[in-house]
Amino acid sequence: MASMKQRRVTGLPGVIALGLALRRARMARGVGLRRLADQLGIHAGLVSAWEYALRVPSVTDVARLLGFLRVKRDEYQQIMNLCQDATRLTLVEPTSNILPPLLWHYETTATKVVVWSPALIPDAFRTVEYTRTLLNNGLLLEDEIDQRSLARAARPDAMIGHPGKYLLLLGEPALSSVATSRQIMIDQLRYLEKLSEHPRITVHIVRGDATVNFVTPFSVFESAKGAVTTIVHQNFHGIVYEASPQYVARHQATAEALRQASATEADSKRLVAATIERMQRCQEP
């Protein structure tokens with residue numbers, strides 16, 4: 001039987017990642033929720049609570065579940081590692097095709113997202129050609145994270161369909177065309193203009209400043225109903241999710257300071273439009 005010491009949790013990145021991994025393993029093998037629960041001798045609602053990150057299964061429960069599904073060794077070990085670390089406040093999602101894309105979960109469920117990007121248009125706002133150019137120029141790594149970035153850019157209305165509020169704090173250097181051709185950059189900035197007209201998407205340009213440019217990129221994901229706010233950033237090991245209250249508070253304060261130092265929403269739109277106009281003039285024969 002399932003452990004009686006299961007804690008109710010909401011929003012910890014490791015718990016969400018574990019739930020997504022369990023659901024993916026079950027569905028990949030075509031096993032229904034009720035059938036799996038019957039085989040484990042537990043209520044289907046409990047398995048559902050595991051998959052939707054409402055409860056944390058014990059290591060024994062997960063081992064039994066994966067054994068019934070006959071999960072192969074590599075996937076088995078990664079999911080068991082997730083289970084053992086599920087309630088930690090820090091999670092690193094490696095660039096692997098075994099673990100599910102936790103970042104996509106945050107992007108599609110958060111009620112508020114704040115993104116700080118000092119030098120590049122962030123992936124959720126990129127066009128396909130802009131992303132490809134960054135890849136070709138070596139400014140993005142050729143790994144699964146960036147392939148997901150390319151796939152996301154191929155869905156031009158994905159951001160418009162996002163249910164939550166999205167605040168982009170974009171460094172002024174990101175408007176330059178150093179890494180791309182002028183035409184690709186013009187098309188990218190026009191796409192940014194289109195997104196900024198959406199009522200749930202706000203774009204603020206942060207003017208170039210030596211101090212500001214040293215603040216590394218990060219995203220803040222907030223969810224409703226008291227869920228854990230999570231800070232997300234990338235490094236060479238993968239995507240890092242931080243839910244420590246102190247870490248979150250520090251980055252929320254940084255985001256607010258960046259917002260206050262940025263141009264107004266209206267001035268930001270004018271700055272983007274002026275940049276497009278200047279680039280177009282440079283293209284004229």
Side-chain angles (χ1 to χ4, degrees), residues 1-113 144 148 151-152 155 158 161-164 221-230 232 238-243:
M1 294 295 291
S3 169
M4 296 299 293
K5 295 183 179 180
Q6 311 224 14
R7 289 194 292 155
R8 289 188 177 276
V9 294
T10 306
L12 284 180
V15 177
I16 296 172
L18 175 60
L20 291 171
L22 293 178
R23 187 168 188 269
R24 180 179 179 178
R26 176 179 63 78
M27 296 187 69
R29 290 155 182 84
V31 177
L33 191 69
R34 193 172 300 280
R35 178 189 168 200
L36 177 59
D38 289 343
Q39 290 294 325
L40 298 177
I42 59 179
H43 194 280
L46 182 55
V47 179
S48 179
W50 294 343
E51 292 186 357
Y52 285 94
L54 300 176
R55 288 180 177 269
V56 185
S58 70
V59 172
T60 301
D61 291 328
V62 173
R64 291 179 60 226
L65 184 153
L66 298 180
F68 172 75
L69 294 177
R70 298 184 180 181
V71 172
K72 292 183 179 180
R73 184 172 64 179
D74 288 348
E75 184 179 2
Y76 178 95
Q77 191 57 56
Q78 290 217 29
I79 294 177
M80 291 302 294
N81 288 343
L82 268 180
C83 181
Q84 292 168 349
D85 297 336
T87 56
R88 291 187 178 181
L89 297 176
T90 301
L91 172 72
V92 178
E93 183 183 40
T95 54
S96 164
N97 60 3
I98 293 176
L99 293 179
L102 179 58
L103 183 58
W104 281 13
H105 171 85
Y106 277 102
E107 289 178 342
T108 55
T109 62
T111 56
K112 181 180 179 181
V113 183
E144 188 193 358
R148 292 206 298 263
R152 186 158 43 235
R155 296 181 290 117
H162 185 274
F221 291 92
E222 298 181 18
S223 299
K225 299 180 180 179
V228 176
T229 297
T230 302
V232 178
I239 304 179
V240 182
Y241 303 82
E242 296 277 2

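Note that these values count all heavy atoms, side chains included, but never hydrogens, waters or copies made by symmetry.
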Visitor: Begin from the C-alpha positions of L91 and L82 and carry the test side chain to side chain contact (heavy atoms under 4.5 Å, CB included) through to its verdict.
Guide: CA-CA 9 Å; L91 172 72; L82 268 180; 3.9 Å; yes
Visitor: Decide whether E222 and T229 meet the rule of one side-chain donor and one side-chain acceptor closer than 3.5 Å.
Guide: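 Side chains of E222 and T229: no pair found under 3.5 Å.
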Visitor: With rounding to the nearest 0.5 Å, note down the distance linking CZ in R24 to CD in E75.
Guide: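 If I round to the nearest 0.5 Å, the distance is 7.0 Å.
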Visitor: Are side-chain heavy atoms of I79 and V62 found at a separation under 4.5 Å?
Guide: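 Side chain of I79 against side chain of V62, heavy atoms only: contact under 4.5 Å found.
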Visitor: When you compare the side chains of Q77 and N81, does any donor N or O come within less than 3.5 Å of an acceptor on the partner?
Guide: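 Yes, side-chain donor-acceptor contact under 3.5 Å.
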Visitor: What heavy-atom pair brings E242 and V240 nearest, and what distance separates the two atoms?
Guide: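 The pair with the smallest heavy-atom distance is OE2-CG1, 3.8 Å.
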Visitor: How many angstroms lie between atom CG of L22 and atom SG of C83, to the nearest 0.5 angstrom?
Guide: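 Taking CG in L22 and SG in C83, the distance rounds to 8.0 Å.
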Visitor: Tell me whether R64 contacts the main-chain N or O of L40 through its side chain, where contact means a donor paired with an acceptor under 3.5 Å.
Guide: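 Yes; at least one donor-acceptor contact below 3.5 Å.
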Visitor: Taking the side chain as every heavy atom from C-beta outward, state whether L33 and E51 have any pair of such atoms under 4.5 Å apart.
Guide: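 Sidechains of E51 and L33: in contact.
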Visitor: Suppose we screen for side-chain contact (heavy atoms from CB on, under 4.5 Å). Which residues come up paired with D38, at least two apart in sequence or across chains?
Guide: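 D38 satisfies side-chain contact (heavy atoms from CB on, under 4.5 Å) with R34 once adjacent residues are dropped.
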Visitor: Kindly compute the distance separating CG (L65) from CG (L36), expressed to the nearest 0.5 Å.
Guide: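 Result: 4.5 Å between the selected atoms.
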Visitor: Please determine whether side chain to side chain contact (heavy atoms under 4.5 Å, CB included) holds for the pair L20 and W104, giving the CA-CA distance in whole Å, both sets of side-chain angles, and the decisive distance to 0.1 Å.
Guide: CA-CA 11 Å; L20 291 171; W104 281 13; over 6 Å; no
Visitor: Which class fits the ring pair F221 and Y106: parallel under 30°, tilted 30 to 60°, perpendicular over 60°?
Guide: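 Taking Y106 first and then F221, their aromatic rings sit tilted (interplane angle of 30° to 60°).
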Visitor: Counting N and O atoms only, with roles assigned by atom type, does the side chain of Y241 sit under 3.5 Å from a partner on the main chain of L103, one being a donor and the other an acceptor?
Guide: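 Yes.
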Visitor: Under a 4.5 Å cut-off applied to non-hydrogen side-chain atoms, are W50 and L18 in contact?
Guide: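 Not in contact.
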Visitor: Please list, chain by chain and in numerical order, all residues satisfying side chain to side chain donor-acceptor pair (under 3.5 Å) with S48, sequence neighbours excluded.
Guide: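 Counting only residues at least two positions away or on another chain, S48 forms no side chain to side chain donor-acceptor pair (under 3.5 Å).
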Visitor: Once you round to the nearest 0.5 Å, how far does CG of L102 lie from CD1 of I239?
Guide: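 It comes to 8.0 Å.
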Visitor: I would like to know whether V59 and Q84 meet side chain to side chain contact (heavy atoms under 4.5 Å, CB included); could you show each step before the answer?
Guide: CA-CA 7 Å; V59 172; Q84 292 168 349; 4.1 Å; yes
Visitor: What pair of heavy atoms forms the shortest contact from L46 to R55, and how long is it?
Guide: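 Scanning both residues, the minimum pair turns out to be CD1-CD, 3.7 Å.
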Visitor: Quick check: are there more than 12 heavy atoms from other residues, nucleotides or ligands sitting under 6.0 Å from CZ of R35?
Guide: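 Open: at most 12 neighbouring heavy atoms sit under 6.0 Å from CZ of R35.
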Visitor: Got a second to check how far S223's OG is from I16's CD1, nearest 0.5 Å?
Guide: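 That separation rounds to 7.0 Å.
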